[in-house]
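Remember, it's a predicted structure, so these values are computed and weren't measured experimentally. Just so you know, ligand 1 is whichever comes first in the structure, and atom 1 is the first atom listed for that ligand. Quick note: residue numbers are just sequence positions, from 1.
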Amino acid sequence: MLDQSPANRVNAILGRLGEALAGGDVEGAVDLFATDCYWRDLVAFTWNLKTLEGRDQVRAMLQSQLPAIRPRPFVQDSREAAAETDGITEGWFDFETADARGYGHIRIRDGRIWTLLTTMVELKGYEEPKGIRRPLGAEHGSSRNRRTWAEKRAAEARELGYVTQPYVVIIGGGQGGIALGARLRQLNVPTIIIEKNERPGDSWRKRYKSLCLHDPVWYDHLPYIPFPENWPVFTPKDKVGDWLEMYTKVMELNYWGSTACQSAEFDEATGEWRVTVRREGREVVLRPKQLVLATGMSGKPNVPKFPGQDIFRGEQQHSSQHPGPDAYAGRRVVVIGSNNSAHDICAALWEAGADVTMVQRSSTHIVRSDTLMDIGLGDLYSERALAAGMTTRKADLIFASLPYRIMHQFQIPLYDRMRERDKDFYDKLEAAGFMLDWGDDGSGLFMKYLRRGSGYYIDVGACDLVIDGSIKLKSGADVAHLTEDAVVLKDGTVLPADLVVYATGYGSMNGWAADLISPAVADKVGKCWGLGSDTTKDPGPWEGEQRNMWKPTRQEALWFHGGNLHQSRHYSQYLSLQLKARMEGLATPVYGLQDVHHRS
Ligand SMILES: Cc1cc2nc3c(=O)[nH]c(=O)nc-3n(C[C@H](O)[C@H](O)[C@H](O)COP(=O)(O)OP(=O)(O)OC[C@H]3O[C@@H](n4cnc5c(N)ncnc54)[C@H](O)[C@@H]3O)c2cc1C
């Protein structure tokens, strides 16, 4: 009898797939896929981030890419056991193409490929200097012209941008710019990170005083240097700042702090950017071949306009400008908005003795932090996951292996469980008048984040203050106008105020392209972020991947990087490889460059 173990099933189908692909047999390969299949490729086959849905899309991609990509046989990773659950067999594999080595994940259903993930890991001949390729450091022997590591490093820092030009300029030295800079450094791609704040980590330090990361430590590691085992679960914002500063130094990044990018323009003739920055009071013009905007999706404040803002005598701040509660003890504060920042700010103000009112216009998704950690993240990112043998790399790949089109189907049952577990809590919140939602289709927080990047609060305590009335709530309410000393709502309610905080979120990242490059280029590349799910704030048509992030855009040599720490860690790998390949002059035939349906 044939051995039908999961490993054998994976071996059999991978063997046939690898053979068909290596032999250029497109139909033979397509035949191995289920009709409702998904192939998510991160750079290895498409030089893009692309999910192919259904056999026709797989066929079209292979017809276009196979001649250039020239894949070799797929080999099951024997270190990772194949498994079978509920009729789905899954396994891991290594593969090669003409220019790269890759790693992948497969799910088989009814004998055919249901989901396939292929990711590029390294470029042949341009591997990172790690493990057996680790640099020696010391130069043994003797030489009269010997320069120490410190001398060489100082010379590089002195000359790059003045005597020599970087290949890449990254605008924005938050965690995104820093993680990408670290990967490019390991790939030997000359890079300068431009940051208007003085020190790495300042983008976190400057946020409101009470902020701690909302995501847990297992989710937050940076590339190369994971947080130590005694690191707190939720890192206080100044501690993240210090970690980023340390990281920037030890990863030897060329980081220009206190330097603002003023403008950038692409010269089609030379294929070069002209990036004007102001450093130490002087204008410097950089001429990189590639420009990355890592200016933050939580960086461009959305401040609503209301009549009367000009006559209001108190203070008005966007949440990103709010310094924290200390100066507001005994003062009356109105916070407009009801998502993460609004809750954190209201709670801290209440703790400091302010009289706080939260104005909620539309519903918010709330999930309790400990419940989210357990049900939402626990299998992949937790001590429990580590104890079960999970690694950060594997967790990132499992997460990436779920196609966006069906991801909500996996999320909905988790959020149903959360709703059930915390029923009393939600009942009390609604009794207090708070308007709740679970996302348009009940799929909860991650889908809201991926689709629109807003609309939720991970509860770490503020909800109890709303429930017991310590934080006053005006829900279903919209602002009509401000007077000299109050916020007036459309229902006529007058909320006397000394301070108004607009916790009203942030604009699309392509607004930065409009500011720094031109509105025409911003329109050409279109909206950043979102999947085209046709849910609130994520208009269709369906895109299948996050718009414009970490992949080629409609503007040659312009890239966007950002997201939370998990995305920054994982997707910086693919962006750095795309940039390195271009620097080395490798062929990078991009498949399926996205169409632009929305400008911002
Ligand atoms: C309240 C709050 C809580 C959050 N909690 C978490 C969390 O727990 N985990 C998580 O992963 N994410 C969290 N986020 C999201 C967080 O904002 C992003 O993960 C993170 O900031 C993204 O990093 P970034 O490097 O892409 O952007 P930023 O950190 O915003 O960095 C962008 C940088 O670009 C610089 N810049 C902009 N324009 C220019 C210019 N013209 N010249 C030079 N420099 C420029 C800015 O000064 C800034 O330092 C939170 C966000 C908020 C607002």
Side-chain angles (χ1 to χ4, degrees), residues 169-181 192-222 233-237 240-241 244-245 248 255-264 275-279 286 291-302 318-322 337 339-345 348 369 372-373 377 381 445 449 453-454 456-458 460 503-507 509 511-517 528-529 549-550 560-572 575:
V169 165
I170 302 173
I171 312 291
Q175 68 207 30
I178 289 171
L180 178 64
I192 295 179
I193 303 169
I194 302 293
E195 170 55 52
K196 64 182 170 201
N197 288 322
E198 193 182 337
R199 291 155 55 200
D202 279 354
S203 55
W204 280 107
R205 290 189 190 95
K206 287 187 173 178
R207 289 191 172 138
Y208 52 84
K209 199 174 150 181
S210 59
L211 178 61
C212 291
L213 288 192
H214 296 142
D215 297 328
V217 62
W218 309 279
Y219 193 64
D220 295 338
H221 299 297
L222 271 76
V233 174
F234 300 106
T235 316
K237 64 158 182 111
V240 192
L244 289 171
E245 190 166 11
T248 302
Y255 191 93
W256 288 14
S258 303
T259 305
C261 174
Q262 296 179 315
S263 65
V275 182
T276 307
V277 306
R278 193 148 195 94
R279 188 184 196 206
L286 299 168
L291 182 66
V292 181
L293 295 189
T295 35
M297 52 173 283
S298 307
K300 211 168 161 49
N302 243 342
H318 182 263
S319 57
S320 58
Q321 300 159 329
H322 177 64
N339 292 337
N340 258 326
S341 300
H343 278 87
D344 278 358
I345 289 171
S369 177
L372 179 69
M373 295 312 123
L377 284 172
Y381 302 98
L445 188 126
Y449 175 70
S454 66
Y456 48 79
Y457 168 54
I458 302 174
V460 290
T504 38
Y506 298 86
M509 270 183 84
W512 292 108
D515 290 357
L516 295 173
I517 307 170
C528 295
W529 209 261
M549 300 303 299
W550 316 291
F560 293 89
H561 179 65
N564 63 28
L565 282 154
H566 149 85
Q567 290 170 307
S568 207
R569 167 182 70 241
H570 189 212
Y571 289 99
S572 56
L575 179 47

Would you check whether [X] reaches within less than 4.0 Å of ligand 1, judged by its heavy atoms?
X: Asn340; value: no
X: Phe234; value: no
X: Ser568; value: no
X: Trp204; value: yes
X: Thr259; value: yes

Ligand-side contact atoms (ligand 1) for residue partner [X], heavy atom cut-off under 4.0 Å:
X: Leu211; answer: 1 (C), 3 (C)
X: Gly562; answer: 26 (O)
X: Leu565; answer: 10 (C), 11 (O)
X: Cys261; answer: 40 (C), 41 (N), 42 (N), 43 (C)
X: Leu516; answer: 41 (N)
X: Ser341; answer: 1 (C)
X: Gly176; answer: 24 (P), 25 (O)

Are the side chain of [X] and the backbone N or O of [Y] linked by a donor-acceptor pair below 3.5 Å?
X: Lys196; Y: Ser258; value: no
X: Asp202; Y: Arg205; value: no
X: His318; Y: Gly505; value: yes

For ligand 1, which is the ligand I care about here, please tell me if [X] has any N or O atom under 3.5 Å from one of the ligand's N or O atoms.
X: Met297; result: no
X: Ala260; result: no
X: Gln175; result: yes
X: His566; result: no

Between the side chains of Trp204 and Gln175, does any donor sit under 3.5 Å from an acceptor?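 Trp204 vs Gln175: donor-acceptor pair found between side chains.
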Return the minimal non-hydrogen interatomic distance between [X] and [Y], and the atom names on each side.
X: Asn340; Y: Ile458; result: OD1-N, 3.1 Å
X: Pro216; Y: Met373; result: CG-SD, 3.3 Å
X: Pro200; Y: Leu244; result: CB-O, 4.0 Å
X: Leu575; Y: Phe560; result: CD2-O, 4.3 Å

Proximal candidate to [atom] [heavy atom criterion; set [options]]:
atom: atom 35 (C) of ligand 1; options: Glu195, Gln262, Lys196, His343; result: Glu195
atom: atom 3 (C) of ligand 1; options: Met509, Arg207, His214; result: His214
atom: atom 9 (N) of ligand 1; options: Ile345, Asp215, Asn339, Asp202; result: Asp215

Where's the contact between Ala294 and ligand 1, heavy-atom distance under 4.0 Å: side chain, backbone, both or neither?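 Answer for Ala294: backbone.
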Let me see the working for Leu565 and Asp215 under side-chain contact (heavy atoms from CB on, under 4.5 Å), right down to the final yes or no. CA-CA 9 Å; Leu565 282 154; Asp215 297 328; over 6 Å; no
Within a 6.0 Å radius of atom CD on Gln262, are there more than 12 heavy atoms belonging to other residues, nucleotides or ligands? yes
Would you call the rings of Trp529 and Tyr449 parallel, tilted or perpendicular, where under 30° means parallel and over 60° means perpendicular? perpendicular
Does the separation of the ring centres of His214 and Tyr219 fall below 6.0 angstrom?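 They do not qualify: ring centres at least 6.0 Å apart.
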